[in-house]
Structure formats: C-alpha cells, structure tokens
Amino acid sequence: MVALSTLSGIGALPLLLPLIHQAQGISLTVSTEGGNSSSPLLYGFIFEDINHPGDGGIYGEMLQNNGLQGTSPNLTAWRLDVSKNASGAVGFTNEGYWGIPVDGSEFQSSFWIKGDYSGNITIRLVSNYTGTEYGSATLTPSSNADNFTQNSVKFDTTKAPDGNVLYELTVDGGTAAGSSLYFGYLTLFGQTYKSRENGPNPQLANVLDSVQGSFLRFPGGNNLEGNSPTGRWKWNETIGPLEDRPGREGTWGYYNTDGLGLAEYFYWCEDLGLAPVLGVWDGFALDSGGGTPLTGDALTPYVDDVLKELGYILGSTSTTYGALRAASGQEEPWNLTMVEIGNEDHLGGGCNSYAERFTTFYDAIHAAYPELTLIASTSDTDCLPHNMPVGSWVDYHDYNNADGMVDQFDYFDNFNRSVPIFIGEYSRGTIGWPNMQGSVSEAVFMIGFERNSDLVKMAAYAPVLQLPDLIGLTQSPEMAFATTSYDVQQMFSTNRGDTIREVSSDSAFGPVYWVASSAGSRYQVN
Ligand SMILES: *[C@@H]1O[C@H](CO)[C@@H](O)[C@H](O)[C@H]1NC(C)=O
Ligand SMILES: *[C@@H]1O[C@H](CO)[C@@H](O)[C@H](O)[C@H]1NC(C)=O
Ligand SMILES: *[C@@H]1O[C@H](CO)[C@@H](O)[C@H](O)[C@H]1NC(C)=O
Ligand SMILES: *[C@@H]1O[C@H](CO)[C@@H](O)[C@H](O)[C@H]1NC(C)=O
Ligand SMILES: *[C@@H]1O[C@H](CO)[C@@H](O)[C@H](O)[C@H]1NC(C)=O
Ligand SMILES: *[C@@H]1O[C@H](CO)[C@@H](O)[C@H](O)[C@H]1NC(C)=O
Ligand SMILES: *[C@@H]1O[C@H](CO)[C@@H](O)[C@H](O)[C@H]1NC(C)=O
Ligand SMILES: *[C@@H]1O[C@H](CO)[C@@H](O)[C@H](O)[C@H]1NC(C)=O
Ligand SMILES: *[C@@H]1O[C@H](CO)[C@@H](O)[C@H](O)[C@H]1NC(C)=O
C-alpha cells in the first residue's frame, strides 16, 4: 500500500534509476467529488473445517477425539497404560492435535467417569520428550458404578517452550485394582478469547481480530454440503450439551467434533465483531448420487429444517426453537441478517436444478423472514432464475494462479449492477504457503473489486486458518504464523473508506494498480 505520488523520494539511489524513471512516470489525481459508496462489510472471512482450523485450531478444545465419537469409536490420539505398576499411577494420555499449546494461563479440564472408585485422579500436562510438567491437578472425583458423573478441575500452568506436550490422566492403581473404570467426554481448555465458555483459542482469535474483518461465512463451503444428503452439516446436531453432540464425518477427510457448533459460531461473530453469513443446505451434496440433487417435494423436509434452524437463531423465546435457544443459555436472538442458499451450486451437477432449488428455499425463507438478505451460491446466470428476486445477491468464487488473479482486475468494471455480489471465496490457489507473488496478485484483484465495492458487497479470503492457509499454526504456545496474504488482507481491511473516489492518471493500469477512497476528510490510495 503506497502513496504513489511520493515515490520520487527514492530517486537518490542511482542504481535504481531505470526502475524509478518508470515509477516516476505515473501521476494520480484523486477526485474529492462524486464517487460511489463502498460496502461497509467489504472484507471478511469464510470458515469451514478443512485442515483443522476448527478442531485443533481456533476452537479452544485441546484434546483430540475427546468424545470417542463416530460410528466406530477408536483410540485415535489416546494411549493407555502410562504405568503398568498397579500400585502406582495408572492411566492414559492424549496427545492433542499433534501437541497441546500450554501458554501459562489457567487451564480447565473435565471428564465423565463411571465406576466404583474412591481414590484420587491426577491430571498432568507433561513434555512428551523430557517429562517436564507444565501443570497438574489432583481431585477426588465423585464416581459411582451406576451412572456417569462429570468432574471438573482448574489449575495453573507454566508456559511450555513448544507444543510437544501430552495430557495425562492417572488414577491410583492400588485403589482401582480389580474394578472397572469408564471415562467419557474429556475436555481441556486454556484461557479462551474474551473468556467465552467453550470459546476460541485466544492466540488465533487475536490474530484474526487484527485483520478487523467485517463478517464470517460459515459453516462451509463443501463441509456444509457433506458427501451425501445424510452426511450434510446438521444444525440440530451441533447444539446443546457437548457430550450429547454426535459429531460428524466432515468432507475434508476427518471427523468433526461439532464442539464448535451453531451457537459457538454466533458467539465467535459476537466476540470478534463479525456479521454472520449462514450457509444452509439446499438439496445438493458433493456426491449427490453422481449429480442428481434433490428437487421438488423431496426438498420439503430440508426447507422445513432450515426454517427450524432460523427459528432457533431468530425466534422469540415464545416459539419452540427460540425457547430451545433460550434453554441453552441464549435469551436474545442472534443478529443474523444474511443467509446463503447452498454452496457452489454451479459445480458437480448442481447447476441445472439450482434455479428451482434456490427459488424453493428463497420463497420459504423470504416469506418467514422478509428482512433477511438471501444469497445465491453462484453468480453463473445459467444456473440462476432469469430474474433474481429484488434484494437477493449472488456469490462468485475465484481460486486462480497469480496471473489469473491479476487478469481479473477489471472483472467487475462492466458488470450488470442490478444484483449485488458476494465474493464468498477467493485466493491465489490453495496449494502451498501464500508467497509474495501470489499475495500481490490477490492485492491486485482486491483493488479491482474495491473499486467496484458499490456492487461487490463482501469478499472472503479462503481458506483462513492452518497450514497452508492464511494463518498457519502449530501447537506451540505462540501458534500462529501470519502469511504475506494475511498482511495483504490486514492492510486492505484496516485501510477502508466509505466512498470510492474517481482517480485520473496519465498511465493505464498494469503493472501498477490503485484504488482511492475516503472516509470523512481522510483520503487513501491503495
Ligand atoms: C511398583 O510399585 C512397588 C510398590 O510401590 C515398587 O516397589 C516398585 O518399584 C514399582 N515397580 C515399578 C516397575 O515401578
Ligand atoms: C488425594 O488428594 C488430596 C488433595 O490433593 C490429598 O490431600 C490426599 O492425600 C490424596 N489422597 C491420596 C490417597 O493420595
Ligand atoms: C443412576 O441414574 C438412574 C436414572 O437416571 C437413577 O434412577 C439412579 O438413581 C442413578 N443412580 C445413582 C447412584 O446416582
Ligand atoms: C510424542 O512422541 C512420540 C514418539 O517420539 C511421537 O510419535 C509423537 O508425535 C509425540 N507427540 C507429541 C504430541 O509430541
Ligand atoms: C436433526 O434433524 C434431522 C432432520 O433434519 C433429523 O433427521 C435428525 O434426527 C435430528 N437429529 C437429532 C439429534 O435430533
Ligand atoms: C477413529 O476415530 C476417528 C475419530 O472419530 C476417525 O476420524 C478415524 O477415521 C477413526 N479411525 C478408524 C480406523 O476407524
Ligand atoms: C446486526 O448486524 C447488522 C449487519 O451486520 C449491523 O448493521 C447491526 O449493527 C447489528 N446489530 C447489532 C445489535 O449488533
Ligand atoms: C441487468 O440484469 C437485469 C436482471 O437480470 C436485467 O433486467 C437488465 O436488463 C440487465 N441490464 C443490462 C444493462 O444488461
Ligand atoms: C461508480 O460506478 C459506476 C458504475 O455504476 C462506474 O462507471 C464509475 O466508474 C464508478 N465510480 C468510481 C469512482 O469508482
């Protein structure tokens, strides 16, 4: 981000003269009159569980496979028999999501236990390699042989130098000898962002917050769609007590705990000041029987399900689902104003039936919630109704190589302006870390849509978290690594105006691109 008119300051470096000669040739004049208003929500994020950005990432739960969920539960991440000496400490460990980030904050662990046991239980966080202890707690649990009971303990930690830390739970072998003990749904949390219960990891939430994005699209992405209709993301199975959530086989090769569920997404939005954009399932799964999405009457139960979901989010406490929300601790409806119908319905055989499916969902949702902005999941006019309903938006996705990204600079300049655009996903490819070239190409694309931000209302960089995405992470206490693309997002997001100004120049766009905006008396050229 450069004020190009001041480049002459480096003219003193003789070796750079040829380059500077070129740069000095550009002059920009920014108009202080007219211009188009810019969308206040322009920069934001899409979130879906791909590469562990949720479980093992921003979701504060640190134990992997903590609920032994799934149709065939197994011991992924768990190890038994810490010591085989029946009179000493006996128990098991969990290695977290390839480690556990112990940052020195107060930790809390809970577990369910069933069995006739009256001894102590010790929880420790220990280095996998040196045995160094970073925190421990001993409690005498309430436990009986008939039912599971939940126990919880808080303890101080000291900061670990890296993420090679195991969670260890042991019982007194002598006391337990000869009896059976059962454990279920174990949890481990450190400090969470804004102390939100079951909330985000603060390191990652802080890095995300520094972008000052405006919205969050969730829960996907492909992960909304599921691999089959029954495998779709189901809102009603992501709410309520954590130990009752079944979890779900995600679409990116691993099981989702759904501890980060519908309510948690809304709290995340609230805590980070993001406007929620909720994706709803529209009859189209990834494998949808080889490209035959549900249509006609087959959609009815899914339309009903979306209305229930919206009732849970927006209904008053006198309604069935509003009361359910209140019962789980949220009296006030959440502040949802935008709903996207499906995901990438122009792909994988979704196009032909999308106009019908969009219309079916649109009509039902709009009738019940006329104030919601409803977004089609594609901008491909071949897949959309001939006349988009007034007030609806379309979603345009762009994953591209660096040259392709730059070529898209003027994509929106001559666009039909009757239907607003949401760029629900974009970035220079998804393979490997962002690099300087790719991030600069994203910046050119961003200048292009910011210039058109009367039409382009919102744009979400994707994917956001976890190697090789916008913010890479490990489980060391300082777990986040921001990338060059992160810097680009942050620069644009934190330098926004409310009005896009006309710029005249003696040079055409390329290889230098610019956009000028103003907010009050403050002007900026990006
Ligand atoms: C097992 O416990 C007994 C009694 O506490 C102790 O004498 C013995 O050294 C322990 N053995 C091992 C292998 O830890
Ligand atoms: C159980 O833990 C308590 C509190 O840490 C301790 O006072 C007590 O001695 C322990 N009991 C046994 C049998 O280790
Ligand atoms: C176990 O749960 C059952 C059913 O809820 C209840 O009737 C019984 O009293 C419980 N037993 C104990 C020991 O808490
Ligand atoms: C712990 O050590 C084992 C054996 O070296 C290794 O396979 C595992 O990845 C390590 N786990 C963590 C969390 O450091
Ligand atoms: C969630 O709702 C779906 C209908 O969309 C239903 O099939 C499923 O049984 C519900 N799950 C639970 C746990 O109630
Ligand atoms: C073990 O369980 C985990 C978590 O539910 C799941 O992701 C994994 O696929 C399971 N592994 C096997 C071999 O079933
Ligand atoms: C609700 O969200 C809208 C759109 O993001 C925003 O304009 C409004 O201020 C929010 N209201 C509250 C009470 O947060
Ligand atoms: C833009 O699209 C709308 C709705 O599809 C259509 O009515 C209108 O004629 C289009 N405008 C132009 C200039 O193509
Ligand atoms: C404002 O939008 C119109 C298209 O509606 C466009 O022709 C014009 O260049 C835009 N002005 C600015 C300052 O971007």
Side-chain angles (χ1 to χ4, degrees), residues 28-40 42 82-83 85-91 107 109 111-125 133 135-156 168-182 184-185 241 243-244 393-394 408-421 444-457 459 492 495-505 508-509 513-519 522-526:
L28 302 176
T29 307
V30 177
S31 170
T32 56
E33 270 151 31
N36 297 324
S37 64
S38 177
S39 168
L42 190 56
V82 172
S83 152
N85 194 335
S87 62
V90 188
F107 271 50
S109 182
F111 56 87
W112 291 80
I113 182 173
K114 185 172 91 165
D116 189 8
Y117 177 69
S118 55
N120 283 344
I121 284 184
T122 300
I123 287 166
R124 302 197 310 144
L125 300 175
E133 186 178 291
S136 73
T138 297
L139 70 157
T140 314
S142 62
S143 177
N144 71 69
D146 296 333
N147 297 324
F148 276 100
T149 48
Q150 191 178 26
N151 291 268
S152 178
V153 65
K154 291 183 175 176
F155 55 99
D156 292 330
E168 180 192 273
L169 184 151
T170 55
V171 302
D172 177 50
T175 311
S179 64
S180 297
L181 281 181
Y182 299 87
Y185 207 84
E243 63 275 13
D244 292 343
W393 299 3
V394 296
Q408 298 254 305
F409 168 72
D410 59 0
Y411 184 70
F412 300 103
D413 283 1
N414 303 304
F415 230 80
N416 183 328
R417 291 185 124 68
S418 65
V419 182
I421 295 175
V444 173
F445 179 64
M446 291 163 76
I447 289 172
F449 70 66
E450 187 175 314
R451 289 173 68 245
N452 288 281
S453 54
D454 56 322
L455 170 70
V456 176
K457 299 298 182 189
F492 278 75
N495 289 281
R496 298 190 232 179
D498 53 26
T499 308
I500 304 301
R501 298 292 184 174
E502 207 75 59
V503 180
S504 51
S505 173
F509 286 121
Y513 300 83
W514 55 83
V515 57
S517 63
S518 66
R522 179 170 180 256
Y523 279 72
Q524 63 216 355
V525 178
N526 296 342

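As the structure lists them, so they are numbered: ligands from 1, and atoms in each ligand from 1.
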Decide side chain to side chain contact (heavy atoms under 4.5 Å, CB included) for S152 and F111; before the verdict, give the C-alpha distance in whole Å, the side-chain angles of both, and the deciding distance to 0.1 Å. CA-CA 7 Å; S152 178; F111 56 87; over 6 Å; no
Could you go through L125 and F107, starting from their C-alpha distance and side-chain angles, then the distance that decides it, and tell me whether this counts as side chain to side chain contact (heavy atoms under 4.5 Å, CB included)? CA-CA 10 Å; L125 300 175; F107 271 50; 3.8 Å; yes
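The distance from ligand 9 to the heavy atoms of R501 drops below 4.0 Å at these ligand atoms: 13 (C). Close contacts between ligand 9 and R451 involve ligand atoms 14 (O) [criterion: under 4.0 Å to a heavy atom]. Within the listing of ligand 9, atoms 2 (O) sit less than 4.0 angstrom from a heavy atom of D454.
In terms of the side-chain hydrogen bond (donor to acceptor under 3.5 Å, both in side chains) criterion, residue partners of S518 (sequence neighbours excluded) are, by chain and number, R501.
Protein residues having a heavy atom under 4.0 Å from any atom of ligand 2 are N120, T138, listed by chain and number.
Around atom CG of N120, more than 12 heavy atoms belonging to other residues, nucleotides or ligands sit under 6.0 Å away. Within a 6.0 Å radius of CG in D244, more than 12 heavy atoms belonging to other residues, nucleotides or ligands are found.
A distance-only check finds no donor-acceptor pair linking the side chain of R124 to the backbone of L169 [under 3.5 Å].
Note: Y513 and F509 have parallel aromatic rings, judged against thresholds of 30 and 60 degrees for the angle between ring planes.
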